[in-house]
Protein chains: 2
Amino acid sequence: MLYISVLNTHKMHQSIQLSVDAVVFGYESGTISVLLIKRKYEPFKGQWAIPGGFVLEEESLEEAVARELKEETGIAINYLEQLYTFGHPKRDPRSRVVSVAYFGLIKPSAFKILAATDAEEVQWFNITELPSLFFDHEAILQMAITRLQGKITYEPIGFELLDTKFPFSDLEKLYTTLLGRAIDRRNFRKKMLSLNILDELDEKVSKGSGRPANLFKFNNKRYFKLKKEGIIFEI
Amino acid sequence: MLYISVLNTHKMHQSIQLSVDAVVFGYESGTISVLLIKRKYEPFKGQWAIPGGFVLEEESLEEAVARELKEETGIAINYLEQLYTFGHPKRDPRSRVVSVAYFGLIKPSAFKILAATDAEEVQWFNITELPSLFFDHEAILQMAITRLQGKITYEPIGFELLDTKFPFSDLEKLYTTLLGRAIDRRNFRKKMLSLNILDELDEKVSKGSGRPANLFKFNNKRYFKLKKEGIIFEI
DNA sequence: GCAAAAGTGTTGTTGGTACACCCATGG
DNA sequence: CCATGGGTGTACCAACAACACTTTTGC
């Protein structure tokens, strides 16, 4: 009996469907946002949801998630990190759908969002002002936010979220926002510079009032090296 | 056209199969082992593999992985942590199978392993002496080992791997083994005790030669509290 | 010249690291 | 009494935390 069930398993029509979801965060002047789509069709038409969809037979999960994101929002990003796989049997009341969630970081200013396929609308939402979401998408998003906040303790962050050239205060504000609290400017700068991932440029920018700031950029090589090695960052 | 394809998606026969795998580590007197099964049937009969199998329609991923582990090895554990989802289209040459890998820790001495269903044999393998494995199971195992080693920097470890009562030297040896290097006995003890997760018992044990050691046990409440909060542990 | 933001150093404290000898038991 | 593993304290140093004033620009 066991023998038969085992042999059959591989041919058995399992009828579990597999989807992917892309939680994409953006940062702009002190606000962390997440990209959501409004469903165009029934069921749940008009509900906000995390972009995503079904995996095709011949594509990898990474290809699937990048494709769905592109199709639904117009955004093409090449690096999404796997977050978690959600597989509760009743998470989608219609049928059994297991979803592999990914997350990524971008600068919203560098992309043009564009509703397509099953999205009626695409919009950035401040993560502190989220609408109610489809199925278990709130739980997925919550996990992604927690991961994002956790990341800054063991990895440098900012490269994907800031402009190529930026004043130091932008980086500081990003950390302040992610941590949700003020940080000591002097200590932060000291620590950041000691990591050797920033190159100070010979260029200044003025924001209209106040002393103009020197611009920095990330030193990609050292940034990604450090990211791989892991850091212990405690501010 | 888009409309139709979207509406169809949910009914479309996707024919991707979903499986789960359980990487179970054990520790015993200075050795970290992993539990593997030998496949009983073709194809790949006789190959060693990580225990696992297909997810059933009505069960969650966690239920599936616990069930498969129980069926194939006789081991029932209630906590397996999700590791990663492997979905390369060609990882199983027969058909498209996406697998959600989990990992867990146990004390081998507390369980009796027992080959069943599609396992011909079940065996603990020292992680430094692994056989060649089925498909991409080596990559899965490698990721699990990396995660296990990484865990000790941000979580206390040991509760699941050691006996209820243990001499301090057992804990020290566990860390030495996981880290793959010697640690300073005095500093390690100082740091461990300062975490407040150990209760010293009024009981001694003698290993035959040498001064008898005091026994300790983990204070479950504080251990799991700390585990949740996360620690930064750098020895 | 004043408002606004950028830039900068020092000191006390804490926690990490390095290091060597005595203790309790069994044989 | 010796071999074996268990148990302990101190001193140095590096890293973190706290803290306030000066500089440069626009208006």
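Values below: all heavy atoms of this structure, side chains included; hydrogens, waters and symmetry mates excluded. Labels below follow one simple rule: chain letters A, B, ... track the order of the sequence lines, proteins then strands, and each chain is numbered from 1.
- Contact check, A:S169 against C:dA6: a side-chain N or O comes under 4.0 Å of OP1 or OP2.
- Nearest heavy atom pair, residue A:D21 against residue A:R91, reads OD2-NH2, 4.3 Å.
- Atoms NZ (A:K204) and C1' (C:dA5) sit 13 Å apart, rounded to a whole Å.
- Only A:D184, A:R186, A:N187, A:K190, A:K191, listed by number, bring a heavy atom of residues 176-194 of chain A to less than 4.0 angstrom from any atom of DNA chain D.
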Please report the C-alpha distance between A:E155 and A:K151 in whole Å, then the side-chain angles of each, then the deciding distance to 0.1 Å, and finally whether the salt bridge (Lys or Arg N to Asp or Glu O under 4.0 Å) criterion is met.
CA-CA 6 Å; A:E155 270 189 14; A:K151 272 183 103 64; 3.3 Å; yes

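- Whole-Å rounding puts the A:E200 CD to C:dA6 C1' distance at 11 Å.
- One can place CZ of B:F168 at 11 Å from C1' of D:dG7, the figure rounded to the nearest angstrom.
- Side-chain contact check for B:S132 versus B:E138: some heavy-atom pair is nearer than 4.5 Å.
- Atom CZ in B:R211 sits about 5 Å away from atom P in C:dA24, given to the nearest Å.
- Other residues, nucleotides and ligands contribute only 12 or fewer heavy atoms inside 6.0 Å of the NZ atom of B:K70.
- Atom-to-atom, CG of B:L171 to P of D:dG6 comes out at 13 Å; the value is rounded to the nearest Å.
- Between B:Q82 and A:T85, some side-chain heavy-atom pair lies under the 4.5 Å cut-off.
- With a 4.5 Å cut-off on side-chain heavy atoms, B:K165 and B:D163 do not count as touching.
- Remark on DNA chain D: of its neighbouring residues A:S206 and B:A213, the 5'-side contact belongs to B:A213, judged by nearest-heavy-atom nucleotide.
- When the P atom of D:dG6 is taken as reference, atom NZ of B:K173 falls 8 Å away, rounded to whole Å.
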